[in-house]
Every structure is written in structure tokens, then in C-alpha cells.
Number of protein chains: 2
Amino acid sequence: MSISETHLKGARLNDLADLAKTLGNSHRLLLLEHIGGGEKTVEALSDLAGLSVANASQHLQQLKRSGFVQSRREGKNVLYRLGGGPIAALLAALRACAEHNRSEIRELISDSLWQQDKLEAISREELLQRMQETEIVLLDVRSESEYAAGHLPGAVNIPLDELELRLAEVPRDQEVVAYCRGNYCALSGKAVTILRALGRNARQLRGGM
Amino acid sequence: MSISETHLKGARLNDLADLAKTLGNSHRLLLLEHIGGGEKTVEALSDLAGLSVANASQHLQQLKRSGFVQSRREGKNVLYRLGGGPIAALLAALRACAEHNRSEIRELISDSLWQQDKLEAISREELLQRMQETEIVLLDVRSESEYAAGHLPGAVNIPLDELELRLAEVPRDQEVVAYCRGNYCALSGKAVTILRALGRNARQLRGGM
DNA sequence: TCATCATTAAATAAAAATATTGAATGTTAC
DNA sequence: GTAACATTCAATATTTTTATTTAATGATGA
């Protein structure tokens with residue numbers, strides 16, 4: 001009994017994982033979004049998503065296998081529409097989780113937590129000075145627009161993509177502390193990997209814990 | 001404006017995709033499930049999930065980056081617990097989608113659709129006879145337990161894993177029509193690939209469309 | 001039927017995720 | 001401080017995804 005139970009449970013988890021995996025690609029999410037706007041042909045969708053027709057077709061078929069979309073033929077064209085299930089609810093839940101994570105970062109950026117002393121407010125100048133005293137550079141590896149929207153006081157912005165190119169901007173003799181969008185984001189980890197590979201002394205800044 | 005908007009939207013979609021990707025692995029889902037039952041150490045979790053400690057640690061860290069779990073240290077051990085966000089809702093939505101897909105198959109299995117004439121009930125014998133007349137073998141490539149739980153009348157069960165081994169059981173001169181769990185399932189597609197590679201005349205049975 | 005076109009399939013190459021191993025880190029207890 | 005232990009990091013090999021290219025399919029309309 002326990003064997004078949006385990007087996008069933010395993011199968012269930014695999015089904016769930018397959019569904020999630022299908023959603024785990026931004027091209028497919030974009031396709032889903034466009035399809036949600038109304039029935040569309042493969043060609044229209046490939047244009048909208050900036051994909052080759054063949055590649056779009058592949059993604060559409062994966063979406064179809066997962067039940068997220070359905071298709072029908074009309075003359076020469078195949079039209080894709082949203083599937084029947086509780087897809088909207090699933091996407092909404094995903095968005096809610098992402099939003100929740102984002103708000104956690106806002107808390108991090110706006111106040112507390114960044115100070116040793118959680119209650120004492122700290123000025124930008126003061127943090128800068130502390131950073132200089134301890135020979136630390138605070139590095140924001142998010143995109144320029146994210147940086148513009150809000151960042152830690154004194155942080156230097158070099159998007160991860162440009163890190164190797166703009167390495168000269170990172171002082172060679174200071175420890176680098178990289179941060180990105182918070183716990184759920186892998187950017188700063190990659191930045192640390194790159195920086196270490198290039199001989200710098202780098203660490204990752206982690207909120208919460 | 002439109003550029004930055006697109007950019008933001010792209011970033012958003014990537015965030016969503018990253019979250020979904022994190023859920024797109026059955027080991028991580030299993031870990032999440034166990035963590036949902038209460039705070040646990042890495043070692044306990046690796047045991048429960050049947051993973052090496054290092055591997056479990058990696059998965060846990062990915063779950064943490066995505067905000068699905070949080071961790072704290074207690075003495076020698078690090079304890080993982082569920083994260084704060086609307087994780088339960090997300091998992092519930094995933095399950096709902098999987099359940100919806102499953103029920104679509106049940107419909108397929110229990111009635112209609114399989115007949116040319118949608119209203120006329122058809123006996124097992126009659127379908128078998130039709131299949132013989134048209135020289136078709138209906139092949140169920142799901143697991144034995146799934147087959148036992150319900151299958152199309154007259155279908156032969158050879159789980160995908162065993163297909164190459166048990167090829168002799170597939171009549172050589174008949175067209176093979178393979179099916180699995182429905183539109184969202186890739187098993188029968190793989191079966192068709194295998195059968196064709198081995199020189200058989202095989203097609204995939206698709207519901208809905 | 002044949003020519004044409006949109007779509008899908010198949011095969012390959014490129015990129016990413018996963019599991020494994022051995023080493024490094026950080027904590028407790030002595 | 002040092003030893004023992006749990007966890008994480010880093011590097012690697014293996015296995016999946018993804019994108020691209022080229023060929024096949026399937027429907028339309030002459």
C-alpha cells in the first residue's frame with residue numbers, strides 16, 4: 001500500500017512540476033499573455049513574442065500539452081486560445097507571490113535592517129562613511145531602471161550584464177558587497193561568482209535570513 | 001515610455017518565470033511539502049526527499065531565493081520553514097490545474113469523444129471489432145497503475161519505459177495509435193517517436209483539438 | 001491533381017539545470 | 001584555542017531545455 005501510495009504521490013508531484021516547468025519560461029508566459037488577449041495565429045504570436053515561427057510553435061505545443069492553451073484549425077491557420085482550467089487563478093497566484101517578494105525588497109530598501117542598530121536612523125552620508133571606513137563597496141547589480149526606482153544609499157549600479165565590461169569601476173582594493181532584488185534573486189550571487197573569478201574580494205548581501 | 005514599459009514587463013515576466021521554474025522540479029515540491037509540515041533541518045529534509053545533503057541544500061537555497069522558504073540557525077542546525085507569501089495559494093492553484101487536466105482525461109476515458117458518432121453508445125466488443133477492421137492497435141503507454149484505474153476499451157498497456165523491451169507484443173502489420181494522459185502529456189508522443197524509430201507505423205491519439 | 005502556403009516535426013547545436021564530489025565555512029562543546 | 005559536526009560552496013560531469021535549421025505534413029484553391 002505504501003509503495004503504490006508513494007508512487008501515486010510521486011506521479012502527482014511530477015505532474016505539478018511539469019505544469020510549473022511549462023510556466024517557467026518567460027517566452028511561454030508572454031505567449032500565454034498574448035493568447036489571453038484573444039485567439040491568435042501562430043505567426044501573429046511568434047511576431048508578438050519575437051520568436052521564430054518554429055520556436056513559437058514548439059512553445060505553444062508545450063503549453064498545449066500542459067492544458068494551458070487549446071488550438072483549432074481555421075483554413076490555413078491554426079488558432080490558439082486559452083485552455084479551460086483554472087489557469088487565470090494560477091497566473092494570479094504567481095503574480096501575487098512575485099509581488100510579495102517585491103514588497104519585501106521595498107522594505108529592505110526603504111528602511112531598517114541595513115543598519116547594525118535596527119532602531120537608529122542612519123543618514124546616507126553616515127552609511128557612506130561607514131562603508132569607506134570598512135573599505136567596502138556596495139554594488140547594485142540590478143538593471144538601471146530598477147536602480148533608478150530605488151536603491152540602497154551609496155550603492156553603485158552596474159547591471160550584471162555589464163559587470164565584466166565595467167570592471168574598472170570597481171575599486172580593486174576594497175571588498176565588494178553585491179546585492180540585487182533580495183533573497184529570491186540570483187543576480188548578486190552570479191555577480192559574486194564573476195567578481196571572484198576576476199580576482200576580487202566579493203560577498204553577497206543577504207536580507208532576512 | 002514604451003521601451004521602459006516593455007523592459008519592465010519583461011523583467012516582471014522573468015520574475016514570474018523564475019518563481020515557476022523553482023516549482024518546476026518534483027524534488028523541490030516534495031521538500032516544500034515536508035517543510036509545510038513544520039520546521040525541519042537540512043539533514044531531515046534530505047532524508048525525507050531521498051537526496052544527498054549537498055543536493056538538498058542546493059534545492060533549499062533555490063527555494064529560499066524564490067521566497068518560498070526561510071531559514072534560521074539553531075545551534076549546529078539550520079532550520080527551514082515556509083516563507084511568508086501566498087505560497088499556499090500558488091500551490092493550490094497548481095494542484096487545481098493538474099486536477100482539471102486529470103478530470104479532462106476521465107471524461108475522455110469514460111465516454112463519448114472516442115466514437116465517430118458522439119451520441120451512440122458503443123460496446124467494447126464493437127470498438128475492438130472496428131479496431132480490427134481498420135487494423136489499428138490502441139496502445140496505452142501510461143503506468144500499470146494508471147491503466148488499472150481506467151483505460152480505453154480494447155487498449156493494450158505497455159508503459160513507455162518498457163516499450164522497447166516489449167516491442168514484440170505490438171503487432172508488426174497494424175498501425176499503432178498511442179495515447180497517454182491527454183493533451184498535456186508527452187508520453188504518447190515519445191512512444192510514437194520510439195515506435196517510428198523502430199520501423200512501426202505509429203500515430204498519437206489526441207483529444208480535444 | 002497539383003502548386004502553394006502555414007504549421008509542425010526532426011535533428012542538431014547551444015545553453016541551462018541537476019547531481020555528485022571534495023573542500024570550506026561557521027557553530028558547539030571541550 | 002581545538003575537535004567535531006552540520007551546512008554550504010565550488011567544480012565537474014551528466015542530463016535536460018532551448019533555439020535553429022531543414023524537411024515533412026496538411027489544408028486551400030486553381
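Labels below follow one simple rule: chain letters A, B, ... track the order of the sequence lines, proteins then strands, and each chain is numbered from 1.
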Evaluate the criterion side-chain hydrogen bond (donor to acceptor under 3.5 Å, both in side chains) for residue pair A:Q62 and A:S66; output intermediate values, then yes/no. CA-CA 6 Å; A:Q62 183 166 354; A:S66 297; 5.5 Å; no
If the sugar-phosphate is the primed atoms plus P, OP1 and OP2 and the base is the rest, what is the B/S/- string for nucleotides 15-22 of chain D, using protein heavy atoms under 4.0 Å? --SSBBB-
Would you call B:E33 and B:K40 a salt bridge, using N to O less than 4.0 angstrom? no
By salt bridge (charged side-chain N to carboxylate O under 4.0 Å, His left out), B:E43 pairs with (sequence neighbours left out) none
A:R95 CZ to B:D15 CG distance, which is reported to the nearest 0.5 Å: 11.5 Å
Quick one: CG on B:L48 to NE2 on B:H34, what's the gap to the nearest 0.5 Å? 4.5 Å
Say whether, by atom type as modelled, one donor and one acceptor occur between the side chain of A:N77 and the main chain of A:L79 under 3.5 angstrom. no
Once base and sugar-phosphate atoms are separated, protein heavy atoms under 4.0 Å mark nucleotides 23-30 of chain D, 5' to 3', with B, S and - as ----SS--
Return the value, rounded to whole Å, for the distance between atom CZ of B:R72 and atom P of D:dA6. 18 Å
With a 4.0 Å heavy-atom cut-off, tell me which residues in residues 38-50 of chain B come close to DNA chain C, sorted by residue number. none
Salt bridge (Lys or Arg N to Asp or Glu O under 4.0 Å) between B:E74 and B:R81, intermediate numbers included: CA-CA 13 Å; B:E74 184 169 285; B:R81 63 185 184 281; over 6 Å; no
One should read off an interatomic distance between B:N157 CG and B:L139 CG, to the nearest 0.5 angstrom, of 8.0 Å
Rounded to whole angstroms, how far apart are CG on A:L60 and C1' on C:dA6? 13 Å
Side-chain N or O of B:Y80 closer than 4.0 Å to phosphate OP1/OP2 of D:dT8: yes
With sequence neighbours left out, write down each residue that passes side chain to side chain donor-acceptor pair (under 3.5 Å) with A:T41, or none if nothing qualifies. none
Round to a whole Å and report the spacing from CG of B:L30 to P of C:dT18. 15 Å
With B:S46, which residues qualify under side chain to side chain donor-acceptor pair (under 3.5 Å), at least two apart? none
